[in-house]
4 protein chains.
Amino acid sequence: MTERARRAQIVSAAIEAIAELGCSKATYRQIAARAGLSSTGLISYHFADRAELLTEVVRDVLGRFGAFVVARLDEHETAAAQLRAFLTAQIDFSAGNRAAMRALRRIQADADITDSPNQAFAELVESDHKGLAELLRQGIRRGEFREFDPDAMAVFVLALRDGVLSRLRDHEPDELDVIRQELTTMIDLATRGNP
Amino acid sequence: MTERARRAQIVSAAIEAIAELGCSKATYRQIAARAGLSSTGLISYHFADRAELLTEVVRDVLGRFGAFVVARLDEHETAAAQLRAFLTAQIDFSAGNRAAMRALRRIQADADITDSPNQAFAELVESDHKGLAELLRQGIRRGEFREFDPDAMAVFVLALRDGVLSRLRDHEPDELDVIRQELTTMIDLATRGNP
Amino acid sequence: MTERARRAQIVSAAIEAIAELGCSKATYRQIAARAGLSSTGLISYHFADRAELLTEVVRDVLGRFGAFVVARLDEHETAAAQLRAFLTAQIDFSAGNRAAMRALRRIQADADITDSPNQAFAELVESDHKGLAELLRQGIRRGEFREFDPDAMAVFVLALRDGVLSRLRDHEPDELDVIRQELTTMIDLATRGNP
Amino acid sequence: MTERARRAQIVSAAIEAIAELGCSKATYRQIAARAGLSSTGLISYHFADRAELLTEVVRDVLGRFGAFVVARLDEHETAAAQLRAFLTAQIDFSAGNRAAMRALRRIQADADITDSPNQAFAELVESDHKGLAELLRQGIRRGEFREFDPDAMAVFVLALRDGVLSRLRDHEPDELDVIRQELTTMIDLATRGNP
DNA sequence: TATGAATGAGGTTTCATTCAT
DNA sequence: CATGAATGAAACCTCATTCAT
């Protein structure tokens, strides 16, 4: 079996284990069991460290996540449409990758601020924020949006995204359509220029 | 030393340790050191379990948090004012209890879904949500708010709260005033009835 | 059981294990078995590190060794007599502490030059050499010995000591008396002034 | 690549690794790295055992060592001259093969008494001793040396050799000339017949 | 109650070795 | 012959917990 495939398999099992058990109980034994490995040594063989494994998990999920969202954004032109796409894309990805998203949040909460996985995460949040603020700034400049502080609004939009994701994480996805509709309305109300 | 005082002391040390080190590194040794205890056995003596200790930490923080917010809410009458008070109270408590809030989030993220501390947390989130939705429903009924889905809006408001708290956690509190102002505006725009 | 006694017991078991099996096979399991401990964790409880345990072994043996030799040296006054006492004391100690001496040599050979146990050892060798050279220098000054280079002779005397000890380590002590007698003669011939 | 050459290459890398790191840290990985091998499996392929590899290392060094000394001895006829040649040859070989000699000592010190590498070593020491004792016995018989116990004197001479080598190992070789000169004098004094 | 030594399970990691390719 | 992934035993160490004092 090729190294790459094995690493992917282990990362995938780690995501499952962390999502299900939490970071501290997602031991090598649990991960190995989920991946069908015969020895925890095989994990150490492919990853130098527990830290490296967690970093890889974060990198993997964030990578897929980012690619998914960027592809959706590219389909739209106006700032308002992109803003909507930004939110719905993330909600859709999350709905389809619940375990991965849950694992992500758990790793982030467990890690020391100085730890490598957390740095990757912090960078993403920051770049998310900057990109979104820029999008909003453009929308204001073009007159699509009313005048507001783009940084503050970026915080709110990201917050709404996270909150919705968190809600979807813990409840059945029945609500999804209502929430999606209301979210769009709310964002529109909060951002649009005077009619 | 009285049992009660000792337990409180240990809980307090546990909050420090968890906030600083994360759940998995907040060992009894670390907690004992922070509490000035000479033996980790003393923690086991006062708490049946690690789970019981964590549950107690959650209960303690949530208790203080809830009392603080309720007191603030009681000062207001209209739904709109209570909504604003709900948000600012939580932001203020968080700003003054950063370690406790961070510990809370870490415990929640680390716990197994079935674990007792996580259940306490889930209950709180649910009651938060229900209380808020009821508040919004009242506001709609009284004509203070426009017609929206109160459950969805509750999700959004809680999301905004969490996002703002998270932002304040990781950045200097300079932004606090701008964000607070913009938040009020946004909530008003999103909720108010037609002018 | 007091900490001190437990540490001594573990050190003693470690000496046995190292002497018998060599450094790399003297695992915590072996040591725990020899000490009658129920868990290897108990060794970790009393010693921070394997390095600390080995350092302690070295310190223990060298301490007893040094005390024994100094006591013997103090019984004599002339340089020639002290030189003889120096040699015979060490031979006697070694004969009575074969396991300890063997463990010492093994630790020294295994350790990196930078390791802490080896530093303790290197210091002892150096101080041995200096003390002996000074003794020889005095003997020359007083006319007890012929003119020779005291540093070189110190090397030889220590070499003879080590060689004899090594020989005694690997062979039955039958030869002890002959060797002791011949050694005295040899040293006399090599050091004494012209008659 | 021929089997023979590969084995030699591995042995050579093992010598380096052991000399530098000590027995317990000279893992297959280290050895493979030093030999430029791409897999530790290759070592297992050419040597049945770690024990066999160590035995081979010992055999290799001792073989070269012995050949070197024998060649030097053959240049001399009198017992006194051969005794001097015996010592200087060993010192010279050691000076030119420091890593190999250090590896040798480390293997010996680490090995279980029953282990194969140690047996090879013990045999050498014994044969060294016997050859030397025989040389001395001859010298006495021929009247070149005074009357002494040849076995004891052999112990001393070997001891002097080892001590000098050890000293040279740990100190700059500046002292070499003084020590060599003094050693000759000392041996002469200790062995020569009455003048 | 408090102490601190003891316990035993379990953590990650490394090792020599095997085996399919 | 060579490779490198896989194996499983065993290493050291830490943890929450227990227990005698």
Side-chain angles (χ1 to χ4, degrees), chain A residues 1-7 9-10 24-32 35-53, chain B residues 1-3 5-6 24-32 36-54, chain C residues 1-7 9-10 24-32 35-53, chain D residues 1-3 5-7 24-32 36-53:
Chain A
M1 192 172 200
T2 169
E3 156 131 22
R4 234 187 143 112
R6 190 58 101 187
R7 278 177 71 101
Q9 179 195 15
I10 293 171
S24 55
K25 288 184 198 151
T27 66
Y28 274 23
R29 183 181 303 209
Q30 288 286 347
I31 295 169
L37 309 179
S38 61
S39 160
T40 63
L42 194 50
I43 302 176
S44 288
Y45 178 77
H46 286 282
F47 296 88
D49 245 357
R50 187 164 221 274
E52 193 192 301
L53 174 57
Chain B
M1 195 168 196
T2 163
E3 157 116 22
R6 191 58 105 188
S24 51
K25 290 182 200 151
T27 65
Y28 274 24
R29 187 186 303 218
Q30 289 286 345
I31 296 170
L37 309 179
S38 57
S39 165
T40 62
L42 197 52
I43 301 176
S44 286
Y45 179 78
H46 286 282
F47 295 87
D49 240 8
R50 183 166 222 271
E52 192 194 303
L53 173 55
L54 294 189
Chain C
M1 194 172 199
T2 169
E3 156 132 25
R4 232 185 145 111
R6 192 56 102 185
R7 279 177 71 101
Q9 179 195 14
I10 293 171
S24 54
K25 289 184 200 153
T27 65
Y28 274 22
R29 184 182 302 210
Q30 288 286 345
I31 295 169
L37 309 179
S38 61
S39 160
T40 62
L42 194 51
I43 301 176
S44 289
Y45 179 77
H46 286 283
F47 296 88
D49 244 357
R50 186 163 222 272
E52 193 192 300
L53 173 56
Chain D
M1 194 167 197
T2 165
E3 157 117 20
R6 191 57 103 189
R7 279 175 71 101
S24 49
K25 290 182 201 153
T27 65
Y28 273 23
R29 186 185 303 217
Q30 289 285 346
I31 295 170
L37 309 178
S38 58
S39 165
T40 61
L42 197 51
I43 302 176
S44 287
Y45 179 77
H46 286 282
F47 295 87
D49 239 6
R50 184 165 223 269
E52 193 193 300
L53 172 57

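None of the values given here were measured: they were computed from a predicted structure.
Around atom CZ of A:R50, more than 12 heavy atoms belonging to other residues, nucleotides or ligands sit under 6.0 Å away.
Between D:S38 and F:dT3 there is a side-chain polar atom (N or O) within less than 4.0 angstrom of OP1 or OP2. Using a 4.0 Å cut-off, some side-chain N or O of C:H46 falls inside it from OP1 or OP2 of E:dA6. Between C:R50 and F:dC13, a side-chain N or O to OP1/OP2 separation shorter than 4.0 Å is absent.
In this structure, the separation between CD on D:E52 and CZ on D:R7 is 5.0 Å, given to the nearest 0.5 Å. Rounding to the nearest 0.5 Å places OH of D:Y45 at 13.5 Å from CG of D:L37.
Set against F:dG8, E:dG4, E:dT13, the side chain of A:S44 has E:dT13 as its closest nucleotide. The side chain of D:L42 has F:dT3 as its nearest neighbour among E:dG10, F:dT3, F:dC13. Side-chain proximity of A:Y45 to the nucleotides F:dC13, F:dA5, F:dC15 is greatest for F:dA5. Each of E:dT1, F:dA2, F:dT17 was ranked by its minimum atom distance to the side chain of D:R6; first place goes to F:dA2.
When Watson-Crick and G-U wobble pairs are counted only if both distances are under 3.5 Å, F:dT21 pairs with E:dA2.
Along DNA chain F, the nucleotide nearest to C:A26 and the one nearest to D:L37 differ in position, and the one closer to the 5' end is contacted by D:L37. Nearer to the 5' terminus of DNA chain E, by closest-nucleotide assignment, is the contact made by C:S39 (compared with the other of C:S39 and A:R29). With the nearest nucleotide of DNA chain E identified for both D:D49 and C:G41, C:G41 has the one nearer the 5' end.
When all heavy atoms of C:L53 and C:F47 are compared, the closest pair comes out as CA-CD2, 3.8 Å. Listed here is the closest heavy atom pair of D:A32 and D:T40: CB-CG2, 4.3 Å.
Donor-acceptor pairing under 3.5 Å, judged by distance alone, is absent between the side chain of B:Y28 and the base of F:dA16. The base of F:dC13 lies close enough to the side chain of C:T40 for a donor and an acceptor atom to sit less than 3.5 Å apart.
Taking atom CD1 of C:I31 as the reference point, atom P of F:dA10 lies 17 Å away to the nearest angstrom. When the C1' atom of F:dC12 is taken as reference, atom NZ of D:K25 falls 14 Å away, rounded to whole Å. The CD1 atom of A:I43 sits 14 Å away from the P atom of F:dG8 (whole-angstrom rounding). Between C:I10 atom CD1 and E:dA6 atom C1' the separation is 11 Å, expressed in whole Å. Between B:F47 atom CZ and F:dT18 atom C1' there is a gap of 18 Å when expressed in whole angstrom units. With rounding to whole Å, C:E52 atom CD is found 15 Å from F:dC12 atom P. Remark: P of F:dA16 and CD of B:Q30 are 10 Å apart, rounded to the nearest angstrom.
Here B:S24 lies out of heavy-atom contact (under 4.0 Å) with every strand.
Put simply, the side chain of A:Q9 gets close to the backbone of A:A35: a donor and an acceptor are under 3.5 Å apart.
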